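Order of the sequence lines fixes the chain letters, A, B, ..., with proteins taken first and strands second; residue numbering starts at 1 for each chain. The model shown is predicted, which means the values in this text are computed figures rather than measured ones.
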Amino acid sequence: MRTNGSDGSADVSPKGAAAVRMRGVDKAFGDNVVLRELDLDVTPGERVVIIGPSGSGKTTILRLIMTLERPDSGTIEVGGKHLYHQEGPRGLRPAGEKHIREVRSDIGMVFQHFNLFPHMSSLENIMLAPVKVHGKSRDEARERGMELLEKVGLADHANHTPGELSGGQKQRVAIARALATEPAVMLFDEVTSALDPELVGEVLNVLRDIAEEGATTMMLVTHEMGFASEVADRVVMFDHGQILESGTPDQLLRDPQEQRTKDFLGAVFEH
Amino acid sequence: MQATEPVDRPEFRPHRRWYRRPDVLVPMVLVTIGFSLLVGAGEVTGRYQSRFTAERDVVPDWEYLFHLIPQMLRGLFVTARATVLGFTIAVVLGFLMALARRSRLRVVSWPAVAIIEFIRSTPILVQLVFLQALTRATDVVSLSGVQILIVGLGVHYATYCSEGYRAGINSVVKGQWEAATALNLSPWIKWTRIIIPQAVPNTLPALGNYLIAGFKDAPIADAVVGVSGLLFFANTIRAEDFRPVEPYLLIGVGFLLVSLPAAWLVRRLERRLAYERI
């Protein structure tokens, strides 16, 4: 499903359609306010690229959705289900760990620093969650794991441990691992930032393949503007914990309205 | 769906984790067997006495010293057995203490911190004397000398082991915990598959060092609560024969006999596990 992503900066889509819906989300670390009253909607199958200066809270959005951080206030829905709240007799109440685990199974994440399990082979890394969380048989998971490794071009590295792989290969295994649980929403947190420049391409190619299949909702934080304009349905410019503007790659990257966006893009493209 | 060609796939070969590698596993099994043999052999009783008189003017009298060796070995056995039993308690109790200290419930974690810090910062000598006082003065506890040593060592070193476990757990980097969350692993799977396998290689050398330290602390009990271990052996012989040099030389030998190979094993283990630390 493709959306035209022409909703401009309003960022509100009709109820029921959202893959991710954030309403009034605040997050601060101590005195440092990272997100202010954030509203953000992502429709199913949409590919949203989040850009902005470092420290603007981009990564925090992904980490809140992945439940690696808890929001101070506001609500987050994933696939129509509240992530941190449960419907109670007197409205919403904070959810228990069990509820969060249930909703979380729809979400997958790829990290900047891969976070592969160093004591397991590539294939074991990929098989772990399908077998231990989703109740697949080992044979089924192995078969699927090998398919995913072929997809990311690393079938011959199935028995290698992360220590024996290059950065780009590690990241491709990490993507395969996240895909193995078939999440509806995939979060990519600066997945090429820790890589040597010559290894960035192989990882972006894998991301492109996933984007082309179009089944997965993708939220990406990245500094690869060329890649962003190529795969994104919508680019969101983020600054000081708020959405500054948002639009299709053509609108936002070629013809930004806000001065701060212009400054940011100018600084990025200089390099 | 396209017809899938039988692609040339490598055979699935699970990564050999450290606990499946023979160079780590064999020594650990040997140590475990040694432990069980020591424990299984049961307690030895009977007093020490010399049946041979030393030459008055020869110090050290080597013949006299050789004559004492069997009794020294008996003392060594008593000390080693109590150490091993005490340390078994320490390893298990220490793990529970580490878990309690990490607990999110403050009713659990605060007392755990208090108890661990209290025991760790008081000398084992005082703790042994206190246990003995409890035995003598109250009906609540009734322990023999060896039992006091075993319980004392167990509780005292449990606090050290718990710190060892804690350091090992903290050495597992944040990204590993986050990946476990992102994959939605249950707490049980997270701990048994991700955290503990990575924490243990960082913990084992510390535990080995505590075992050796505990062994060297054990003779304190000989002096204060009358365990018939190595030091007790030497003290008895000195009192009977007025010959201190030979028996004390022998205890030195007895400790070296155990401590040196143990320290070597720990260093080796540390090296073998080093590459697991990432």
Please report the C-alpha distance between B:L230 and B:F255 in whole Å, then the side-chain angles of each, then the deciding distance to 0.1 Å, and finally whether the side-chain contact (heavy atoms from CB on, under 4.5 Å) criterion is met. CA-CA 9 Å; B:L230 267 180; B:F255 273 106; 3.6 Å; yes

Quick one about A:S73 and A:D26 (side-chain donor to acceptor, distance below 3.5 Å, no hydrogens or angles considered), yes or no? yes

Please rank A:M109, A:R101, A:H134 by heavy-atom pairs under 4.5 Å with chain B and give me the top one. A:R101

Between [X] and chain B, which part of the residue has a heavy atom less than 4.5 Å away: side chain, backbone, both or neither?
X	value
A:F117	both
A:L116	backbone
A:T161	side chain

So does A:E212 pair up with A:R47, basic N to acidic O under 4.0 Å? no

A:K136 with A:E143: basic N within carboxylate O range, under 4.0 Å: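 The answer is no: the pair does not qualify as a salt bridge.
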
Under 3.5 Å, side chain of B:S162 to main-chain N/O of B:G94, donor-acceptor pair present?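 Flag not set: sc B:S162 to bb B:G94 has no pair under 3.5 Å.
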
Side chain to side chain donor-acceptor pair (under 3.5 Å) partners of residues 173-189 of chain A, not counting sequence neighbours, each pair once: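 Pairs touching residues 173-189 of chain A that pass the test: A:T59-A:D189, A:N125-A:R177.
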
Answer with side chain, backbone, both or neither: which region of B:L185 has an atom nearer than 4.5 Å to a non-hydrogen atom of chain A?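 Contact with chain A: backbone and side chain both.
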
Partner set under ring pair (Phe, Tyr, Trp, His ring centres under 6.0 Å) for B:Y210, not counting sequence neighbours: B:Y160

Filter on ring pair (Phe, Tyr, Trp, His ring centres under 6.0 Å), then keep only pairs touching residues 167-189 of chain B, sequence neighbours left out; what's left?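 Qualifying pairs: B:W177-B:W191.
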
Are there residues of residues 61-71 of chain A that reach to under 4.5 Å of chain B by heavy atoms, and which ones?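 Within residues 61-71 of chain A, the residues that come under 4.5 Å of chain B (heavy atoms only) are A:R63, A:M66, A:T67, A:L68.
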
